[in-house]
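Below, chains carry the letters A, B, ... as their sequence lines are ordered, and counting in each starts from 1.
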Amino acid sequence: MIEAAFFYLFAAVMLGAGLMVVVSRNPVFSVLFLILAFFNAAGLFVLIGAEFIAMLLVVVYVGAVAVLFLFVVMMLDINFAEMRAGFQKYLPLGLIVGGILVFELVAAIYGDAFSGATLPAMPEISNTRALGNELYTKYLYLFQIAGLILLVAMIGAISLTMRRRSGVRRQVISEQNMRRREDSVEVIDVPVGAAARTVHTVPPSKREG
Amino acid sequence: MDLMTNSYLMELALIVGKIMLVVGPLLIAVAYLTLAERRVIGFMQLRKGPNVVGPFGMFQPFADALKLMAKETILPAGANKVVFVLAPMLTFVLALVAWAVIPFGEGLVIADINVGILYLFAISSLGVYGVIMAGWASNSKYAFLGALRSAAQMVSYEVSMGLVIINVLICVGSLNLTAIVEAQRGMWFALPLLPMFFVFFISTLAETNRAPFDLPEGESELVAGYFVEYSSMSFALFFLGEYANMILMSGMTTVLFLGGWLPPFDIWPLNIVPGPIWFILKVMLLLFVFLWVRATTPRYRYDQLMRLGWKVFLPFSLIWVVLTSGFLLYTGNLPAAVAG
């Protein structure tokens, strides 16, 4: 009874938040509602006993991906009126895509797509272990390939955005640590009245001769 | 049906009672941590610190709380009101809900869930939202810059924290916090994983925005960072959240590396001391180090901070994961749950 109540709570809030992602005027609110939707999805995962997936959803999507979304969206200077103007133009396309998705979902539920796929019987081992066993034995190569694809994407993104500017004085930590007192400071006993012309301005190690 | 509702209500009351038992002392601990910080740093700088209100200044936190409550709550004119009010609440709530899985002693935990450490990690990674939302909603340059710094910093150090946690998990073979503590019965993980212990502790300093990584609130450049515009109770909530987070991170370090509620040696005078006392002592020790670091180190420069996170800690902890798992595999000491 309580589980059902929580299911409807999570599902309702998730759907509502999903709707608000699309319709809210301020993109920052859209991201915040997206986070709310992720949270409720995690709640649904907990309800079906997949607590590992639920936590991963929060760690990866809410804790990392959505932070970067928010980061970018906050700094954008978006003209809201202009964005609304495109709404009517894209409405038919959006409706068609949405309609296709709804049709597929209905077909899958009432067709026989799910008939073979029932929830597996709850094993004695925790689902973290079950997942690990599957991933690292049965699907090891696919898992590794997925990792490689992500690595390539990451390196690609970095190499596309990195530019080396000249004239930037970067700190080389090893050089910094190699610096000794003798390289930068010299104590000179200046006789009274001898004036500053005898005082060196170049550190002793860099001095010629 | 009536019986069922009754048992539900009983269970609910029990859970609420447990939560109160954790949150009440926690809030008092937060209050006294603020006092301890001022006193400890005071003594380290050859000052006395607040010592006037009550004996040894013991009532100073309550005087501060009263002062903050009596102040006016100011909403900046250009602020986004909903998010502005929501941000400190979020920070504070997140600092409290994480305590649900921390084991204080054998069986003394509100929710002993399977994926306890992941839950902790998830909640601590959400802390950045309070900061970002506050910075954005304040509609102020200083607050916004502080929030941006903080977001980048917290996300960076989470990565190495995650890898350090993996090191511990390889040694335990479970994500459950009670199991992690039980696995340290022979030896605390702080000894075999000493470098990881240091990396983790330094990362928690960065994660809680404490000195020497307190750039988000660097007062010399950003006035007070993301909470410049806050006043009165909303400011107090941020403050409480930050200190509750410090205690939480110390608790997390204790569970992962210092054997949680276990005594240092399982010998007579030590093992009759109740577990929670050991837990609290270890947390207090770590909190003292938090304060000690603040009193003795200058603030990092931002590029140095990023370098430390990404170029030093991340590769170091990644290599250590390989070393740990390689060592355990070679010596045949992999925990049964992992090897099986």
Side-chain angles (χ1 to χ4, degrees), chain A residues 1-3 5 24-29 31-36 38-39 42 45-46 49-76 124-133 136-137 158 168-174 176, chain B residues 1 4-5 8 11-12 80 82-83 86-87 90 94 101 111 113-129 131-133 135-137 144-145 147-148 150-152 154-156 158-159 161-162 165 169 173-176 179 301 303-304 307-308 311-312 336-338 340:
Chain A
M1 183 188 78
I2 286 201
E3 263 183 33
S24 64
R25 286 166 177 272
N26 191 333
V28 172
F29 283 136
V31 179
L32 292 178
F33 277 114
L34 186 67
I35 292 160
L36 188 62
F38 280 146
F39 247 108
F45 274 122
V46 169
E51 69 267 7
F52 184 72
I53 304 277
M55 289 305 148
L56 274 197
L57 189 70
V58 176
V59 171
V60 175
Y61 281 93
V62 182
V65 175
V67 172
L68 298 180
F69 271 9
L70 200 58
F71 212 97
V72 173
V73 165
M74 276 189 329
M75 288 190 285
L76 291 179
E124 297 90 73
I125 54 172
S126 68
N127 65 54
T128 314
R129 256 184 88 186
L131 209 69
N133 277 342
Y136 290 103
T137 52
I158 292 172
V168 180
R169 296 168 72 90
R170 278 177 204 283
Q171 183 184 26
V172 184
I173 299 287
S174 57
Q176 184 85 43
Chain B
M1 186 66 211
M4 217 168 107
T5 349
Y8 271 133
E11 207 171 323
L12 191 71
N80 192 316
V82 181
V83 183
L86 210 62
L90 188 74
L94 284 176
V101 295
I113 60 175
N114 270 341
V115 288
I117 190 67
L118 269 184
Y119 173 83
L120 269 186
F121 191 56
I123 297 294
S124 71
S125 70
L126 295 182
V128 64
Y129 281 109
V131 177
I132 298 191
M133 282 162 71
W136 178 76
F144 191 62
L145 281 173
L148 288 185
S150 175
M154 287 164 111
V155 170
S156 306
E158 250 157 45
V159 183
M161 265 174 86
I165 290 175
L169 295 183
S174 169
L175 294 167
N176 181 292
R301 214 174 54 205
D303 61 318
Q304 290 172 334
R307 176 184 165 273
L308 185 71
K311 291 188 179 172
V312 180
V338 179

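- Looking at B:M154, there are no atoms closer than 4.5 Å to chain A (heavy atoms on both sides), in backbone or side chain.
- Options B:L148, B:I123, B:V128, B:I113 differ in how many heavy-atom pairs under 4.5 Å they form with chain A, and the most are formed by B:L148.
- Counted within 6.0 Å of CZ on A:F71, heavy atoms from surrounding residues, nucleotides or ligands total more than 12; the atom is thus considered enclosed.
- For chain B, the nearby parts of A:A66 are the backbone and the side chain; heavy atoms of each come within less than 4.5 Å.
- Between chain B and the options A:L32, A:I35, A:L68, heavy-atom pairs under 4.5 Å are most frequent for A:I35.
- Interface remark: B:L118 contributes backbone and side-chain atoms alike to the contact with chain A (heavy atom separation under 4.5 Å).
- With a 4.5 Å cut-off on non-hydrogen atoms, A:Y136 does not touch chain B at all.
- Of the listed residues B:F144, B:Y129, B:Y119, the one with more heavy-atom pairs under 4.5 angstrom with chain A than any other is B:Y129.
- For the pair B:N80 and A:N26, the minimum side-chain heavy-atom distance is below 4.5 Å.
- For chain A, no part of B:V82 is nearby; none of its heavy atoms comes within less than 4.5 Å.
- Relative ring orientation between A:Y61 and A:F38 is described as tilted, the plane-to-plane angle lying within the 30° to 60° band.
- Within the 4.5 Å cutoff, the side chain of A:V28 has heavy atoms near those of the A:L70 side chain.
- Contact annotation: the side chain of A:I53 approaches that of A:L131 to within less than 4.5 Å [non-hydrogen atoms, C-beta and beyond].
- Closest non-hydrogen pair, A:V67 versus B:A151, comes out as CG1-CB, 4.5 Å.
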